Protein chains: 2
Amino acid sequence: MDKRSPIKIRLTERDASTTITQWVYQTLRQAVMNGQILPGRALTIRGLAEILGVSPMPVREALRQLAAENALEIQGNRRVMVPRMTAMKFNELCEARIALESHAATRALPYIDATRLAQLRQLDQDIDVAFEAGDTEEIGSLNQAFHRKIYTANPHQITLPLIESIWLQLGPFMRLANSLLDENYLVDHHREMTAAIEKQDALALQMSLAADIRDGVAFAGTPELLHSFIEQSAASSTP
Amino acid sequence: MDKRSPIKIRLTERDASTTITQWVYQTLRQAVMNGQILPGRALTIRGLAEILGVSPMPVREALRQLAAENALEIQGNRRVMVPRMTAMKFNELCEARIALESHAATRALPYIDATRLAQLRQLDQDIDVAFEAGDTEEIGSLNQAFHRKIYTANPHQITLPLIESIWLQLGPFMRLANSLLDENYLVDHHREMTAAIEKQDALALQMSLAADIRDGVAFAGTPELLHSFIEQSAASSTP
DNA sequence: AAGCGAACTTTGTGATCACATTTGATCGAT
DNA sequence: ATCGATCAAATGTGATCACAAAGTTCGCTT
């Protein structure tokens with residue numbers, strides 16, 4: 001029944017108002033984002049359905065939706081798996097993140113009012129608290145919330161789904177980045193960003209945002225570390 | 001049975017090797033892209049299934065996939081429709097297109113060799129031929145192929161799915177833009193782009209690419225024209 | 001005649017079933 | 001002992017069925 005590791009997925013209580021498909025989708029999305037499903041691991045509809053305690057139908061739809069968001073990859077053998085990572089692909093994802101998020105931030109900047117700016121500063125403080133507590137998972141979650149809070153200021157939102165698609169693809173590796181962040185968390189780029197927002201300085205915002213993203217994945221600059229993790233990713237395929 | 005206009009969709013022969021879901025997905029995607037389905041028009045699973053001559057199941061999956069790509073919108077009433085357009089949203093989409101495609105082109109530039117450059121020039125000539133023939137649909141298709149041919153030179157492709165998502169959202173309106181292009185097709189930016197590629201000049205490529213995109217949607221600069229089309233889009237909702 | 005509620009219809013969701021293709025294993029031949 | 005073929009289990013795909021919620025229409029009451 002279980003090919004390799006039996007896939008442990010954190011199950012949450014399902015709200016009665018959400019459909020089963022939505023719940024499965026959110027659960028699997030979170031599992032991918034948190035690295036609970038190793039890249040290269042083959043996923044089966046029936047297998048996931050059994051784990052989640054639902055029929056294969058909602059799993060099928062959730063998988064197709066996640067594949068459409070590039071969170072999963074449908075192989076020619078119509079097997080579904082978390083895409084493997086390569087150093088080049090990782091680099092492309094980071095650069096795409098910077099390009100997309102810089103654009104989104106610039107476009108959102110005029111819409112950020114004092115209320116939202118205060119919320120941003122609060123989120124930054126929350127991150128500091130989580131950092132003191134060493135709760136890396138919370139740090140990642142709050143960090144996402146911080147960025148999302150900026151972009152959603154733009155009422156004509158187009159880019160956020162694209163950005164989240166990139167986050168999803170970087171997901172399992174961002175987790176590693178956050179755990180390594182403990183040591184290297186030197187400059188608080190979020191503070192620079194909020195300062196730039198207060199001055200409505202688009203260029204300064206772009207600069208600090210790019211620095212924040214690059215710091216978040218700083219370990220990509222140390223090739224051996226990235227390489228070891230990619231090997232770990234590739235290793236889950238070889239029996 | 002038919003609420004308003006009965007939805008005419010161009011049906012193509014289904015290859016025996018492709019699954020029904022894939023065929024339905026491609027058919028609906030093309031229908032959205034060509035503006036065969038008016039924005040605001042309510043779509044039903046069973047209705048589409050009957051039109052396409054398939055069971056509701058593959059339609060459900062195709063709709064969910066298209067919704068994940070932002071080609072369709074799932075309303076709270078769990079009704080599915082082509083999203084309506086607003087002037088601001090249109091502007092955001094164009095700017096996002098420029099940002100994303102500039103980035104993708106720059107990243108692909110080093111990988112474009114002589115062979116691919118020749119293919120690009122061939123596509124540009126084909127566009128001229130289609131332009132002489134007045135075949136606007138062919139122009140749009142070839143124009144997409146031209147852009148795609150640039151970005152796919154990058155072997156570590158990340159951005160193309162995001163770009164295609166934007167194209168899908170602009171889809172019905174690009175069709176209008178192409179039909180209006182007949183009159184205003186003054187400068188051949190594609191020739192500027194191939195020249196920039198030959199010189200491996202990233203900045204010149206970005207400039208001409210942005211100009212090409214802006215020209216393609218030049219009518220957005222004439223507010224009354226855009227407004228009239230948006231009204232047409234909104235009109236399909238009012239009974 | 002207009003407002004409102006009840007019955008019917010439509011629609012999305014999810015489960016089960018059937019079938020074709022693929023994967024994996026076991027047995028046999030060289 | 002190793003390689004290959006055949007058979008069985010597993011898997012994705014798609015159709016049909018069942019059910020609940022939302023929408024629509026008809027008829028009743030005022």
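Predicted, not measured: the structure shown is a model, and the values here were computed from it. So you know, we letter chains A, B, ... as the sequences are listed, proteins then strands, and number each from 1.
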Round to a whole Å and report the spacing from [atom1] of [X] to [atom2] of [N].
X	N	atom1	atom2	value
B/Gln75	D/dA22	CD	P	14 Å
A/Ile45	D/dA9	CD1	C1'	17 Å
B/Arg79	D/dG23	CZ	P	7 Å
B/Trp23	D/dT13	CH2	C1'	16 Å
B/Arg64	C/dT11	CZ	P	18 Å
B/Ile74	C/dT13	CD1	P	7 Å
B/Glu50	C/dT10	CD	P	11 Å

Side chain of B/Ile20 (C-beta onward), nearest among D/dG23, D/dG14, C/dT13: D/dG14
Pair [X] + [Y]: basic N to acidic O under 4.0 Å:
X	Y	answer
A/Glu95	A/Arg214	yes
B/Glu101	B/Arg148	no
A/Glu73	A/Arg84	no

Verdict with supporting geometry, A/Arg116 and A/Thr152, side chain to side chain donor-acceptor pair (under 3.5 Å): CA-CA 10 Å; A/Arg116 190 174 291 260; A/Thr152 52; 3.1 Å; yes
Inter-residue atom distance A/Thr86.OG1 - B/His156.NE2, 0.5 Å rounding: 5.5 Å
Those residues that, when tested against A/Ala108, pass side-chain contact (heavy atoms from CB on, under 4.5 Å) (two or more places apart):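 If we apply the side-chain contact (heavy atoms from CB on, under 4.5 Å) test to A/Ala108, skipping adjacent residues, the hits are A/Ala153, A/Asn154.
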Sugar-phosphate, base or nothing in reach of A/Leu43, heavy atoms under 4.0 Å: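 Result for A/Leu43 = sugar-phosphate.
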Under-4.0 Å side-chain N/O to phosphate OP1/OP2 contact, B/Thr21 with D/dG14: yes
Residue-level proximity of residues 53-63 of chain B to DNA chain C when a heavy atom falls under 4.0 Å: B/Met57, B/Arg60
Close side-chain approach of B/Leu66 and B/Val80, heavy atoms under 4.5 Å: no
hbond_proxy A/Arg46 side chain to D/dG12 base (donor-acceptor, 3.5 Å cutoff): yes
